[in-house]
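No experiment lies behind these values; they were computed from the predicted model shown. Numbering of ligands and ligand atoms starts at 1, following listing order.
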Amino acid sequence: MQASGPAPGQPSVPSATSHAALAVVAVMLLAALLVHELSAYSKRRSMPPGPFRWPLVGNILQVPQVHPWLMYSHWVRVYGDILYLDALGQHIIVINSAKVARELLDRRSSIYSGRPHLTMLGDLAGYDRMLLLQPYGDELRQQRRLISQTLSISTIGQYYDIQEAAARRLVLGVVDDPSSLEGQLKTSIASIIMLVTYGYTVTGAEDVFVERAIKVMENFTLAETPGTWLVDMIPQLKYLPSCMPGSTFLNTAKAWRKLLYTTNRMLYQWSKEHSENGTARVPNLCASILANAEGKATLQLEESLIWAAFTVLLGGLDTNIATILSFILAMLRFPDVQKKAQAEIDAVVGSERLPQISDRPSLPYIRSVIAEVYRWLPAGPLGAPHALDEDDVYDGVFLPKGSIVIPNVWHMLHDPDVYPEPDVFKPERYGGSDIEMKKVTDIAFGFGRRVCPGFHFAEGTIFSVVVTVLATCDIVPVVDDHGQEIIPDIRYPTRSVICPEDVKCTFRPRSGQAQSALIDSIASGL
Ligand code: HEM
């Protein structure tokens, strides 16, 4: 048999058959490329509308840096309820209506429950172990289970006395020293959460655990601020040797990580030891979980508990502080609402005793005031971003896997078609209906499988502060050197949790009896 192919020493001459084969392969490759491009093009075309995308950089220059929720709300008129932005190739989907948020984040929560990956905050500063930043998966479910065992609606009542006592101490403290409002509020909220989570009693404004926790919170805020860290745009920078010029962010992140890891372990260890020897307040979250494990807690369970407990602390601090300052701001700017709220408390609770959290069902106007605070200045105007884990199609538009999905809570709660005169603080808009109020909390506390697990706990804290201050004091503006009242403006920095700035006021006791009731209650340890 004769061997095929060229004779030795002769150049290879392609036959007609191999020419044809090459041509077929080339055509197939071209066709595949064309199909890929066409499909990518048609996907791009069918993505949600949004501002014009520039080649390479996309919308990076248009992504608003200051109060982005306002610009997203403005864009609703142009692009509608769902809008698309491309930030250097990162898909961003902004949801501007409760209806779309319900459909995607609630009903399709099996694919919309991830969190975006943040290099500075997560990989470098170490916050990625916290429940808040966990991707959707087993560890997230485990940590959420640990929290809900202790802070569910059926167990939360065991902490009411802590919340009421802290509210009374806070109000009396501000009566004594109005300039200390913000500092006292931080200490007060931290003391509630630390007792409930670790059984730890805060010793005062200079408490070492409170100082550390607040520092960890501040570092979190700095690390997560969009546009601050180049490494979030170019993640490879995290591999820079730390001696290189321009790598100071690596040392910053290292210091933040150390503070985070030492603080959460110190608190956990304190709780474990002192709950065992009877010197911590029980029940508390850590002690209850360890007691349930009956001495067989695995290292993995303890690790999850360390992070879950610490997320409760960080998740509750800023959000509660911001909400209470927003309430005070509203009372200063809308004094008629304050009077009406006080009249309801006087009629229902009277002046013979201090109000309690158990009075909540009988105080619909107070419940409406609180719902209106959540709506008027939502602590998280953009909620927390979700990440989309699979390609999806909604209402004919294509939503690509890996998108960051931002619920524009601000617009959902300020849409004039849903809430006429949205900037006016008007608890009457709910007509006393808890169903209407729930429409607000269903948005302000997040969506789907990532909904805030601290909702019932927060409700108790906020209610006890609001009802205690209104029952016992008038919230009045401070006056300037000419005796003119200073009504604070509505100002807050751009953050994921927005806290109004410069809320200065006085808590003026409504009667000597009210002030004495506060003093007596604190003296008797109630
Ligand atoms: C007024 C007070 C509060 C507000 C407005 C608030 C709001 C929110 C929002 C909007 C989210 C994001 C939900 C989402 O991803 O869709 C969230 C998550 C979270 N909140 Fe709250 N929260 C408050 C208080 C608390 C408290 C007191 C705790 C303590 C238990 C807490 C713990 C958490 C945790 C652990 C998460 C992360 C959930 C997850 O990623 O799966 N929050 N909160």
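- When only non-hydrogen protein atoms are considered, atom 38 (C) of ligand 1 lies nearest to Arg144 NH1, 3.4 Å.
- Salt-bridge formation is detected for the pair Lys272/Glu302: a Lys NZ or Arg NE/NH1/NH2 atom is positioned less than 4.0 Å from an Asp or Glu carboxylate oxygen.
- Only the side chain of Leu151 comes within contact range of ligand 1, with a heavy atom under 4.0 Å; no backbone atom does.
- Between Asp138 and Arg141 there is a salt bridge, since a side-chain N of the basic residue sits under 4.0 Å from a carboxylate O of the acidic one.
- Taking the ring axis of Tyr200 as reference, the NZ or CZ atom of Arg281 does not stay both within 45° of it and closer than 6.0 Å to the ring centre.
- For Trp307 and Tyr261, the ring centers sit closer than 6.0 Å to each other.
- Summarising the contacts of atom 35 (C) of ligand 1 with Leu140, Thr311, Ile192, the nearest heavy atom is found in Thr311.
- Looking at ligand 1, you'll find an N or O of His386 within less than 3.5 Å of one of its N or O atoms.
- If you check which protein heavy atom lies closest to atom 12 (C) of ligand 1, you get Ala384 CB, 3.6 Å.
- Ligand 1 places these atoms under 4.0 Å from at least one heavy atom of Leu131: 37 (C), 38 (C), 39 (C), 40 (O), 41 (O).
- Within a radius of less than 2.8 Å around atom 21 (Fe) of ligand 1, the protein N, O or S atoms are Cys452 SG.
- Remark: ligand 1 atoms within the under-4.0 Å shell around heavy atoms of Arg115 are 14 (C), 15 (O), 39 (C), 40 (O).
- Under 4.0 Å is where a charged nitrogen must lie from a carboxylate oxygen, and between Asp389 and Lys401 no such pair does.
- Each of Ile370, Val348, Val466, Leu470 was scored for a side-chain contact (heavy atoms from CB on, under 4.5 Å) with Leu363, with one residue passing: Val348.
- For ligand 1, the atoms lying closer than 4.0 Å to a non-hydrogen atom of Thr323 are 1 (C).
- Aromatic ring orientation, Phe220 versus Tyr127: perpendicular (interplanar angle above 60°, classes split at 30° and 60°).
- Closest to atom 10 (C) of ligand 1 by heavy atom, among Ala309, Ala444, Ala379, is Ala444.
- No option in Leu377, Val369, Leu329 other than Val369 meets the side-chain contact (heavy atoms from CB on, under 4.5 Å) test with Phe425.
- In summary, Glu421 and Arg429 do not engage in a salt bridge, as defined by a charged side-chain N under 4.0 Å from a carboxylate O.
- Of all protein heavy atoms, the one lying nearest to atom 37 (C) of ligand 1 is Leu132 CD1, 3.5 Å.
- Ring geometry for Trp410 against Trp69 counts as tilted: the plane angle lies between 30° and 60°, on a 0 to 90° scale.
- Ring geometry, Trp75 versus Tyr79: the interplanar angle exceeds 60°, so the pair is classed perpendicular (tilted spans 30 to 60°).
- Considering both main-chain and side-chain atoms, Arg450 comes within under 3.5 Å of ligand 1 through a nitrogen or oxygen pair.
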